[in-house]
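Heavy-atom basis, side chains included; hydrogens, waters and symmetry copies ignored. As the structure lists them, so they are numbered: ligands from 1, and atoms in each ligand from 1.
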Amino acid sequence: MLVFKFGGASVKDAKAIRNVSNILNDYKEEKIIVVFSAMGKTTNLLEKINLSIYNKNESEFKQLIKELKAFHSLILNDLFKDSAHPIHQVVESKIQKLYGLFDQLSSENHSLNYSKIVSYGEIISTIIICSYLESKNISAQWLDARSVIITDEKHEDTKILWKETIKSYLKNISDVFLTKNIIITQGFIGKNERNETTTLGREGSDFSAAIFAYCGDAKEVIIWKDVPGMLNADPKYFENTVKLDSISYREALELSYYGASVIHPKTIKPLHNKQIPLYIKSFLNPKEEGTTIQGSKEKDALIPSFIFKHNQILFSIKPKDFSFLVEENLSDIFDRLARVNAKINVMQNSALSFSILLDRKKINLEKILSLFKDDYTIRYNEGLELVTIRHYDQKTVDFVTKGKRNILEQKTRQTIRIVLKPNH
Ligand code: ASP
């Protein structure tokens, strides 16, 4: 059995979906679980819909639903020219259900509502794609991922309950392969033991693919992307990127942990645990080699890889009473940060000051300042960049720091991380 994952960009319009269908046609003889994301940027739109419900802004809600409907109708009308095809009605009824949620959801359990609403993106994309494949004589079975992926209580960024998930995998999947070769399912979503929809965190569909692969002892996983494989830098910022042909699980984990956006960091562990190889391939050139991620470390140390994070904010936190930073007040600082779910990109301390670097877009600045104002003095520096270089050398360091002020630097033998202030 193989597991494929197609992200939002690979199903962003009718042409892209036809391309996915051609790729699947090339694997006709295989048993495959195919995990899909929502189409294009649908999840962002659904997050706005969720916010409009939270803010009780009905006119905005209606406008956003209209946008969602128009986007999917464009794709549907292109793929299914016959307006009497039942898929039009099926999608319409899903959108009507979503529409009804404005009056049904109380704004109390924000996180439960969030998962319920954003899951519509993946549900709608998979019913359209499955129906399209059938129309092309590719026999596929639609599967609700929530019947397999069982999570803990938390609704967002939730944890997998592995024992329960393996059990429901065996119950719900094995028989399907007796009659069908392809199972179409959703990434990103699961359910908890109270039968409520939960989500695995943004970009979590890669992780879903790894969960299915782990449970079914897959032969391999292919994540289909709009890039030729894992590159040593983001082609948006670098002209001369190099494809990493083959890297180890460990290297892939390090790169994704530091922020390489090609794969979600949680994807690697389940695959490593069962030694299932992961291939990153281009859906634009499906015959090309791509990147292989597997156990061997042989080729790891060859090329410097760069990961940039823009729009960073550096906080420096000092105890007001001039006390040393020791375990006690450090744990107090962590405790306060955990309360606002702050994700630290870099941290460093001196005798009197603790510095943390955070993504400016992911925090509420006022909240963080007020969180510390009783016992600490807190200062911040905005508009920074964080660059991480794996397998660095002086030449690459000089190249990325040129014309920028070095604010903070951390080095190990293999990785350097530098916080930079661009000179304007
Ligand atoms: N659709 C979700 C997102 O945009 C999950 C995913 O695509 O991986 O984050």
Side-chain angles (χ1 to χ4, degrees), residues 3-13 16-17 19-20 33-51 64 67-68 71-72 75 91 94-95 98 111-130 142-146 148-149 151 154-160 184-191 197-214 221-227 230 252 256-257 259-271 278-283 341 343 359 361-362:
V3 177
F4 286 3
K5 184 260 172 171
F6 288 96
S10 65
V11 289
K12 68 178 195 305
D13 54 28
I17 295 168
N19 180 50
V20 167
I33 297 177
V34 195
V35 173
F36 284 96
S37 297
M39 293 173 171
K41 306 264 183 240
T42 301
T43 308
N44 293 351
L45 188 56
L46 286 162
E47 284 190 344
K48 285 193 202 154
I49 290 176
N50 177 49
L51 209 62
L64 293 167
E67 238 178 82
L68 182 90
F71 172 72
H72 287 93
I75 295 175
V91 173
K94 291 285 173 212
I95 293 176
L98 185 61
S111 178
L112 168 65
N113 294 349
Y114 172 88
S115 290
K116 202 178 231 171
I117 290 164
V118 294
S119 67
Y120 274 84
E122 270 69 12
I123 297 290
I124 294 175
S125 82
T126 49
I127 53 178
I128 294 176
I129 293 159
C130 195
W142 185 85
L143 175 99
D144 191 329
R146 291 170 294 192
V148 173
I149 297 193
T151 71
K154 205 177 148 208
H155 297 103
E156 283 174 72
D157 220 342
T158 180
K159 285 206 180 75
I160 302 300
I184 301 295
T185 194
Q186 310 78 40
F188 184 47
I189 64 172
K191 75 166 186 208
T197 300
T198 57
T199 45
L200 311 186
R202 291 300 307 264
E203 311 292 331
S205 298
D206 295 348
F207 184 35
S208 302
I211 298 166
F212 280 106
Y214 180 94
V221 175
I222 305 181
I223 295 184
W224 297 91
K225 303 283 298 185
D226 55 1
V227 284
M230 209 148 173
S256 56
Y257 169 80
S261 56
V262 180
I263 36 174
H264 190 285
K266 286 188 188 162
T267 314
I268 305 294
K269 182 172 179 277
L271 302 182
L278 168 62
Y279 300 93
I280 316 284
K281 279 169 152 280
S282 159
F283 59 74
N341 210 4
K343 302 262 187 293
D359 276 306
K361 277 199 180 146
K362 293 189 185 155

Between ligand 1 and the protein, find all N/O pairs closer than 3.5 Å and give the distance for each.
unit_1, atom_1, unit_2, atom_2, d
ligand 1, 1 (N), T43, OG1, 2.7
ligand 1, 1 (N), E122, OE2, 2.6
ligand 1, 4 (O), T43, OG1, 3.3
ligand 1, 4 (O), R202, NH2, 2.9
ligand 1, 7 (O), S37, OG, 2.9
ligand 1, 8 (O), G204, N, 3.3
ligand 1, 8 (O), S205, N, 3.0
ligand 1, 8 (O), S205, OG, 2.9
ligand 1, 9 (O), R202, NE, 2.6
ligand 1, 9 (O), R202, NH2, 3.4
ligand 1, 9 (O), E203, N, 2.8

Distance only, no hydrogens: is a donor on one side chain within 3.5 Å (strictly under) of an acceptor on the other, for S205 and S37?
yes
Applying ring pair (Phe, Tyr, Trp, His ring centres under 6.0 Å), can you list everything that pairs with Y214, at least two apart in sequence or on another chain?
W162
N-O pairing of D157 and K266 below 4.0 Å
yes
Residue list, salt bridge (Lys or Arg N to Asp or Glu O under 4.0 Å) with K154, at least two apart or on another chain:
none
Exercise: do T126 and W142 side chains pair donor with acceptor under 3.5 Å:
yes
Just to verify, what does E47 make a salt bridge (Lys or Arg N to Asp or Glu O under 4.0 Å) with, not counting sequence neighbours?
R202
